[in-house]
Amino acid sequence: MAAKIVLISLLAMASSLAMASDPSPLQDFCVADKASKVLVNGFVCKDPMQVTAEDFFAMGLDKAGNTENKVGSMVTAVNVNKLAGLNTLGISMVRIDYAPRGLNPPHTHPRATEILTVIEGQLLVGFVTSNTDNGNRLFTKMLKKGDVFVFPEGLIHFQFNPGHTKTVAIGALSSQNPGTITIANAVFGSKPPISDDVLAKAFQVDKKTVDWLQAQFWADNNN
């Protein structure tokens, strides 16, 4: 019986480790060596003796992103691709700027939970749960300056500025490289395109509607 308990405990520990977004570091730091041609899950480590303070430093989040686009928002990310010292640390951050009526469209981060706080303005935020017998539940909240909201890993979520002034938010994510899948872009703007027969059936619309939507996102993705 004791052996069974130990085995179950070990399996539970292994399962929890396997489900973690990023592997835990095994040393103080592992600054990404982006010049290396070795392919690993993440980046190989730079020689510690060549690491400097600059490897842990980034700048630019004081500058507003350009929101003059179709959705009226801009995400400025600080992840391992911009800040090499984040490699293996399991964290990154973003600044998000929203024009009046600006939207950060429904999207997911396949490798990270996100926690977001409003620095200026207001936001209508929300996320939708995965498929269940009770359907997909929407959790939504209106945020003002100083409010905080969390989006669970992998779930579809959005932020919308309903006001007539700009909004700024800061988000932290539990991965050095959380990834982003914007739902509409992925579904209607994939390369090559998903069959309109498939999308017409999935969305319960005619193929002309699907073709029109695909044309909008293909035009955006090929500009």
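Residue numbers start at 1 and run along the sequence shown.
Residues I156 and I181 are members of separate hydrophobic clusters, defined by side-chain heavy-atom contacts under 4.5 angstrom among Ile, Leu, Val, Met, Phe, Trp and Tyr. Grouping the Ile, Leu, Val, Met, Phe, Trp and Tyr side chains by contacts below 4.5 angstrom, directly or via other members, places F149 with Y98. Criterion: ILVMFWY side-chain heavy atoms under 4.5 Å apart, direct or through other members. Under it, F56 and L61 are not part of a common hydrophobic cluster.
Counting only heavy atoms from C-beta outward, the side chains of F139 and T129 approach each other to under 4.5 Å. Between L123 and M142 the shortest side-chain heavy-atom distance does not fall below 4.5 Å. Side-chain contact between M74 and E68 is absent, with no heavy-atom pair separated by less than 4.5 Å. The closest side-chain heavy-atom distance from Q159 to I96 is below 4.5 Å. A heavy-atom distance below 4.5 Å is found between the side chains of I115 and V148.
Below 30°, between 30° and 60°, or above 60°: for F203 and F188 the angle between ring planes is between 30° and 60°, a tilted geometry.
The side chain to side chain donor-acceptor pair (under 3.5 Å) test applied to Q176 returns N87, not counting sequence neighbours. Residues forming a side chain to side chain donor-acceptor pair (under 3.5 Å) with S92 (at least two apart in sequence, or on another chain): none.
Taking CD of E153 as the reference point, atom CG of L173 lies at 10.0 Å (rounded to 0.5 Å). Going from atom OG1 of T180 over to atom CG of N79 covers 9.0 Å, rounded to the nearest 0.5 Å.
The backbone N or O of A200 lies less than 3.5 Å from no partner atom in the side chain of Q204, so there is not a single donor-acceptor pair. The main-chain N or O of V51 is never found under 3.5 Å from a side-chain atom of D47 such that the two would form a donor-acceptor pair. No donor-acceptor distance shorter than 3.5 angstrom exists from the side chain of D33 to the backbone of K46, with no hydrogens or angles considered.
Salt-bridge check for K207 with D197: passed, with a basic side-chain N closer than 4.0 Å to an acidic carboxylate O. Under the 4.0 Å criterion applied to side-chain N and carboxylate O atoms, K144 and D147 are assigned as salt-bridge partners.
The two residues T108 and H157 make their nearest non-hydrogen contact at CA-CE1, 4.2 Å.
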